Novice: 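Please find one structure pasted underneath; my questions will follow.
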There are 2 protein chains.
Amino acid sequence: MSEFKSDQYGPCTVTIKHGCPIELAMHIMGGKWKGIILSLLSKSPMYYNAIRREIPGITQRILTLQLRDMEKDGLVAREETNDSPKRVLYYLTDLGENFVPILKSLKQWGNIYIDKQEEGLKK
Amino acid sequence: MSEFKSDQYGPCTVTIKHGCPIELAMHIMGGKWKGIILSLLSKSPMYYNAIRREIPGITQRILTLQLRDMEKDGLVAREETNDSPKRVLYYLTDLGENFVPILKSLKQWGNIYIDKQEEGLKK
DNA sequence: CTGAATCCTTCAGGATACTG
DNA sequence: CAGTATCCTGAAGGATTCAG
């Protein structure tokens, strides 16, 4: 009766091991830096190094991994230039764009949470 | 210039180690079962065992841990009865309710994702 | 009925160095 | 510039058993 029965997507033996679309979305976007990356790219396409500069604290390896995940999941796309040394431009796909509003909601909710915590301190 | 500078909440040395409200929200709600729990409780308050029955595959330990997290984070509240054996009722707080719409968005987005995957298969 | 106590596994994320 | 290649760590989740 619940909408959250697990493993109920019929013959769909795709890459999907999550029965519930919510779990799926959380898993796809749950990477530590994916929210920030998506937010950055929502403003404009960016080259690899530009992204890296905007996220101090991330290593090359991790940035590449997160971008690869997001590419595989169809959130971002990449485009290599013919320059030398070559550069790689990343930009959001439609699916990626679709997530941006959710990101804004999450941000609002996060701020509410922070406010409540600060209230709790003053009392 | 970015809205996502990390560790920029001034003297706020609370439980908050996330500079960005988005990261914060993802971290709080990122627990493997928290989405499902929240969804269940959004329909009505529930006793511990009822929740457990609705989520086959979760162990007692994990369910308790997730509920404790959510209680600590102010998403749910608990109320013990005086029965014997005692029962514990869980229900959403305002903060928890505030997250429900986001859950719906995540669900929609997840379904879009699934549809796109299935398209890709038919071609 | 609702948990606490132990112990164990997995894997995302990170540090560092190297490359076309 | 945009990555690989190794190696390592911690924390989340899980299996199982015991308790008020």
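The chains referred to below are lettered A, B, ... by the order of the sequence lines, with proteins before strands, and numbering in each begins at 1. Any value given below was found using the heavy atoms of this structure, including those in side chains, with hydrogens, waters and symmetry copies removed. Computed from a prediction, not measured in an experiment: that's the story for all the values here.
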Novice: Tell me every residue that passes side-chain hydrogen bond (donor to acceptor under 3.5 Å, both in side chains) with Asn49(A), counting only those two or more places apart in sequence or in another chain.
Specialist: none

Novice: Would you mind telling me which of Met29(B), Lys34(B), Glu97(B) makes a side-chain contact (heavy atoms from CB on, under 4.5 Å) with Leu75(B)?
Specialist: Met29(B)

Novice: Looking only at atom types and distance, does a side-chain atom of Trp109(A) sit under 3.5 Å from a main-chain N or O of Pro21(B), one as donor and one as acceptor?
Specialist: no

Novice: For Leu89(A) and Thr81(A), run side-chain contact (heavy atoms from CB on, under 4.5 Å): C-alpha distance rounded to whole Å, both residues' side-chain angles, the deciding distance at 0.1 Å, then the answer.
Specialist: CA-CA 8 Å; Leu89(A) 188 65; Thr81(A) 68; 5.8 Å; no

Novice: Do we see a donor-acceptor contact under 3.5 Å between the side chains of Tyr113(B) and Asn98(A)?
Specialist: no

Novice: Round to the nearest Å and state the distance from Met70(B) atom CE to dA12(D) atom P.
Specialist: 16 Å

Novice: Could you write nucleotides 1-15 of chain C as a row of B, S and -, 5' to 3', where a protein heavy atom under 4.0 Å of any base atom gives B, of only sugar-phosphate atoms gives S, and otherwise -?
Specialist: SBBSBB------BBB

Novice: Mind checking side-chain hydrogen bond (donor to acceptor under 3.5 Å, both in side chains) for Thr64(A) and listing every partner two or more places apart, or none if nothing turns up?
Specialist: Tyr48(A)

Novice: Could you work out, with side chain to side chain contact (heavy atoms under 4.5 Å, CB included) as the rule, every residue matching Gln108(B), not counting sequence neighbours?
Specialist: none

Novice: How many Å lie between CD1 on Ile55(B) and P on dG14(D), as a whole number?
Specialist: 11 Å

Novice: Taking the hydrophobic residues Ile, Leu, Val, Met, Phe, Trp and Tyr, and joining any pair whose side-chain heavy atoms are under 4.5 Å apart, which ones share a cluster with Tyr91(A)?
Specialist: none

Novice: What would the secondary structure line of DNA chain D be in dot-bracket form, counting Watson-Crick and G-U wobble pairs under 3.5 Å, with [ ] for pairs that cross earlier ones and | for pairs with another strand?
Specialist: ||||||||||||||||||||

